[in-house]
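Have a look at the structure below before the remarks.
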There are 2 protein chains.
Amino acid sequence: MSLKREHCNVEGTLREAGLSQTARRVAVLTVMIQADGPLSAGDILKRTDPEQKINKVTIYRILSSFRENRIIRELPTDQGMNLYEMSCRHNPSHPHFYCKTCRTMSCLPPVNLSQAQESFAGQNVFRIDDVHVHVTGVCRQCHRQDKI
Amino acid sequence: MSLKREHCNVEGTLREAGLSQTARRVAVLTVMIQADGPLSAGDILKRTDPEQKINKVTIYRILSSFRENRIIRELPTDQGMNLYEMSCRHNPSHPHFYCKTCRTMSCLPPVNLSQAQESFAGQNVFRIDDVHVHVTGVCRQCHRQDKI
DNA sequence: AAATAAATTGCAATCGAGTTGCATTTTATA
DNA sequence: TATAAAATGCAACTCGATTGCAATTTATTT
C-alpha cells in the first residue's frame with residue numbers, strides 16, 4: 001500500500017485544497033507522500049529537513065489542516081496517539097494492522113470483515129487479537145439539533 | 001447491544017480471571033456490566049459509589065487488569081482517550097459509531113464491511129465520514145524475534 | 001482469631017501527545 | 001512596494017494516563 005512518488009503532486013494537492021504554498025506545508029506533504037506507512041507527528045518532524053527547524057505546533061496545525069481538507073487520514077492507536085497517512089485516490093481507505101509488540105502500524109488490503117481473519121493470515125500478521133471497525137460521522141440526534 | 005444485568009456474574013468473572021475480589025474491582029466491574037454503552041475512565045469513576053472515593057489511578061489499574069484478562073475491550077477514540085466495554089460472550093466484538101459532534105460512542109450490529117454504509121443507515125447515523133477497520137495483534141517479525 | 005506475605009490502593013509527582021494565546025514572520029493580493 | 005490576511009514560533013498549558021513509593025487490604029497459614 002506504499003505510494004509511488006509520481007503520485008499526489010504536492011503543489012496541485014495544496015492548490016486544490018485551497019491551502020497556501022508555504023515551505024512548511026510543502027515539507028510535511030512531501031514526507032507524507034513519500035512515506036511507506038502511517039506516520040506519527042514525531043515521525044514527520046524527524047523526516048523533515050533539520051535545517052527548517054519546524055516547530056511541533058506547526059506540524060500539528062498543518063496535520064489538522066490536511067485532515068480537514070481530506071488530504072490525509074488520522075488513525076488513532078491503542079497507545080493514545082495518532083498516526084497519519086495520505087488520503088488520495090491512490091491510497092483508498094483500508095484496514096490497518098497494529099503490532100502491540102513493536103508498536104508499528106502497517107497497511108492491509110481491503111477485504112470483507114467476515115473474511116478478515118483468514119485473509120490477513122497471508123500478511124505480516126502472526127496473531128490477531130482484535131478486529132475493530134470504527135465508524136465516524138454525525139449521529140441523527142446531532143443533526144436534528146442543528147449542531148452541524 | 002446493551003447488556004442484561006443477569007449476564008456476566010461479577011464474582012465468577014473475577015474468579016475465572018484469577019483476580020482477587022476487592023471492593024474496588026467489584027465496583028468497577030458492576031458499573032461495566034450495567035453500562036449500556038462504552039464508558040471512559042472518568043465515566044466509570046462517576047458511576048461508582050462516591051462513598052468509596054476510588055482514586056483515578058486505581059480505576060486505570062483495574063481497567064488494565066480487566067483488559068489484560070479479556071474481561072473488557074479498550075476502544076481508542078479520535079479524541080485521544082479510551083472507552084471501555086464488556087468483552088464477554090454476551091457482548092461479542094462489533095463496530096462502533098463515534099459521533100464527532102456530541103463525542104458519544106454507540107454500538108452497531110456486526111455486518112460485512114462492504115455492506116457497512118447501507119446497513120448503518122438504519123441506525124442512529126446521519127452521516128458517515130469514515131469507516132476504519134483496526135486490527136490488533138502481533139506481527140510475524142516480532143514473533144520471530146521472540147519478543148513475545 | 002492472629003500473624004504473615006503478597007497483592008492492592010492512595011497520593012503526589014510526572015509523562016507525553018496535543019492545544020492555546022500571543023507576538024512575529026511570511027504569504028497572497030492589490 | 002505596501003498592505004491585510006494567513007502562517008509560524010515560542011512558552012505555557014491541558015488532560016488522559018502512568019510511575020514510585022508508602023500505606024492499606026486481601027488471601028493464606030498457623
Side-chain angles (χ1 to χ4, degrees), chain A residues 10-11 13-31 38-46 48-69 71-84 98 100 103 105, chain B residues 10-11 14-29 31 38-69 71-84 98 100 103-105:
Chain A
V10 173
E11 289 75 18
T13 300
L14 291 176
R15 200 181 318 111
E16 284 166 27
L19 295 172
S20 54
Q21 315 252 341
T22 69
R24 305 291 189 247
R25 285 201 183 120
V26 169
V28 171
L29 187 51
T30 301
V31 168
L39 301 178
S40 68
D43 292 334
I44 296 165
L45 187 53
K46 275 183 243 159
T48 55
D49 182 8
E51 289 291 319
Q52 290 210 51
K53 285 189 288 184
I54 307 182
N55 192 276
K56 68 165 183 169
V57 178
T58 303
I59 298 282
Y60 282 116
R61 284 198 273 233
I62 288 175
L63 290 174
S64 290
S65 70
F66 284 3
R67 179 171 40 74
E68 287 162 9
N69 284 282
I71 294 172
I72 61 174
R73 267 188 295 270
E74 188 179 68
L75 315 172
T77 74
D78 294 345
Q79 315 301 320
M81 66 173 179
N82 294 317
L83 300 181
Y84 301 87
Y98 188 80
K100 294 191 296 187
R103 299 187 173 193
M105 187 178 278
Chain B
V10 172
E11 290 74 21
L14 291 176
R15 202 181 316 111
E16 285 166 28
L19 295 172
S20 55
Q21 314 251 342
T22 70
R24 305 293 189 245
R25 285 198 183 122
V26 169
V28 171
L29 186 52
V31 168
L39 300 178
S40 68
D43 292 334
I44 296 165
L45 187 53
K46 274 182 246 161
R47 295 187 185 202
T48 56
D49 182 8
E51 289 292 318
Q52 291 209 50
K53 284 190 289 186
I54 307 182
N55 193 277
K56 67 166 184 171
V57 178
T58 303
I59 299 282
Y60 282 116
R61 284 197 274 233
I62 288 176
L63 289 173
S64 290
S65 70
F66 283 4
R67 179 172 39 77
E68 287 161 9
N69 284 281
I71 295 173
I72 61 173
R73 268 187 294 271
E74 188 181 68
L75 315 171
T77 73
D78 295 345
Q79 316 301 321
M81 67 172 180
N82 295 317
L83 300 181
Y84 301 87
Y98 188 79
K100 294 191 295 188
R103 300 190 171 191
T104 299
M105 187 179 279

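So you know, we letter chains A, B, ... as the sequences are listed, proteins then strands, and number each from 1.
- In this structure, the CD1 atom of A:Ile54 is 10 Å from the C1' atom of D:dT8, given to the nearest Å.
- Of the listed residues (A:Val28, A:Asp43, A:Leu63, A:Leu75), just one forms a side-chain contact (heavy atoms from CB on, under 4.5 Å) with A:Tyr84, and that residue is A:Leu63.
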Exercise for the section: Quick one: do A:Ser20 and A:Arg25 satisfy side chain to side chain donor-acceptor pair (under 3.5 Å)? Show the steps, please. Expected result: CA-CA 8 Å; A:Ser20 54; A:Arg25 285 201 183 120; 3.0 Å; yes
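- Side-chain to base pairing of A:Arg24 with D:dG9: no donor and acceptor N or O lie closer than 3.5 Å to each other.
- Distance from the side chain of B:Asn82 is smallest for D:dA17 among the nucleotides C:dG18, D:dT8, D:dA17.
- Nucleotide D:dG16 holds its P atom 14 Å from the CD1 atom of B:Ile59, rounded to whole Å.
- A straight line from NZ of A:Lys46 to C1' of C:dA17 spans 14 Å, rounded to a whole angstrom.
- Contact between the side-chain N/O atoms of A:Thr58 and the OP1/OP2 oxygens of D:dG9 is found at a separation under 4.0 Å.
- For the pair A:Ser65 and A:Leu19, the tightest heavy-atom approach, listed with the atom from each and the gap, is OG-CD1, 4.2 Å.
- Here the nucleotide nearest the side chain of B:Arg61, chosen from D:dC21, D:dA7, C:dA17, is D:dC21.
- For the pair A:Gln52 CD and D:dG9 P, the computed distance is 9 Å after rounding to whole Å.
- The side chain of A:Met81 approaches C:dG18 more closely than any other nucleotide in the set C:dG18, C:dT27, C:dT9.
- Taking both residues in full, the closest heavy atoms of A:Ala27 and A:Ile54 are given as CB-CD1, 4.2 Å, listed atom of the first, atom of the second, then distance.
- Proximity note for A:Tyr60 (side chain, C-beta onward) versus C:dT19, D:dA17, C:dG10: the nearest is C:dT19.
- B:Asp43 has its CG atom 13 Å from the C1' atom of D:dG16, to the nearest Å.
- Heavy-atom nearest nucleotides on DNA chain D were determined for A:Ser20 and for B:Gln21, and the one closer to the 5' end corresponds to A:Ser20.
- At the phosphate of D:dT8, OP1 or OP2 sits under 4.0 Å from a side-chain N or O atom of A:Thr22.
- Residues A:Thr58 and A:Asn55 are in side-chain contact: their nearest non-hydrogen atoms beyond the backbone lie under 4.5 Å apart.
- Separating the CG atom of A:Leu29 from the P atom of D:dA7 is a distance of 15 Å, rounded to the nearest angstrom.
- Comparing D:dC10, C:dT9, D:dT19 against the side chain of B:Val57 picks out D:dT19 as the nearest.
- In this structure, B:Asn55 reaches the C:dC11 phosphate: one of its side-chain N or O atoms is under 4.0 Å from OP1 or OP2.
- What separates CD of B:Glu11 from P of D:dT26 is a distance of 14 Å, to the nearest Å.
- Remark on DNA chain C: of its neighbouring residues B:Lys56 and B:Leu19, the 5'-side contact belongs to B:Leu19, judged by nearest-heavy-atom nucleotide.
- Closest contact between the side chain of A:Arg25 and the listed nucleotides D:dT8, C:dC11, D:dA17 involves D:dT8.
- Rounding to whole angstrom units, CG of residue B:Leu63 and P of D:dG16 are separated by 14 Å.
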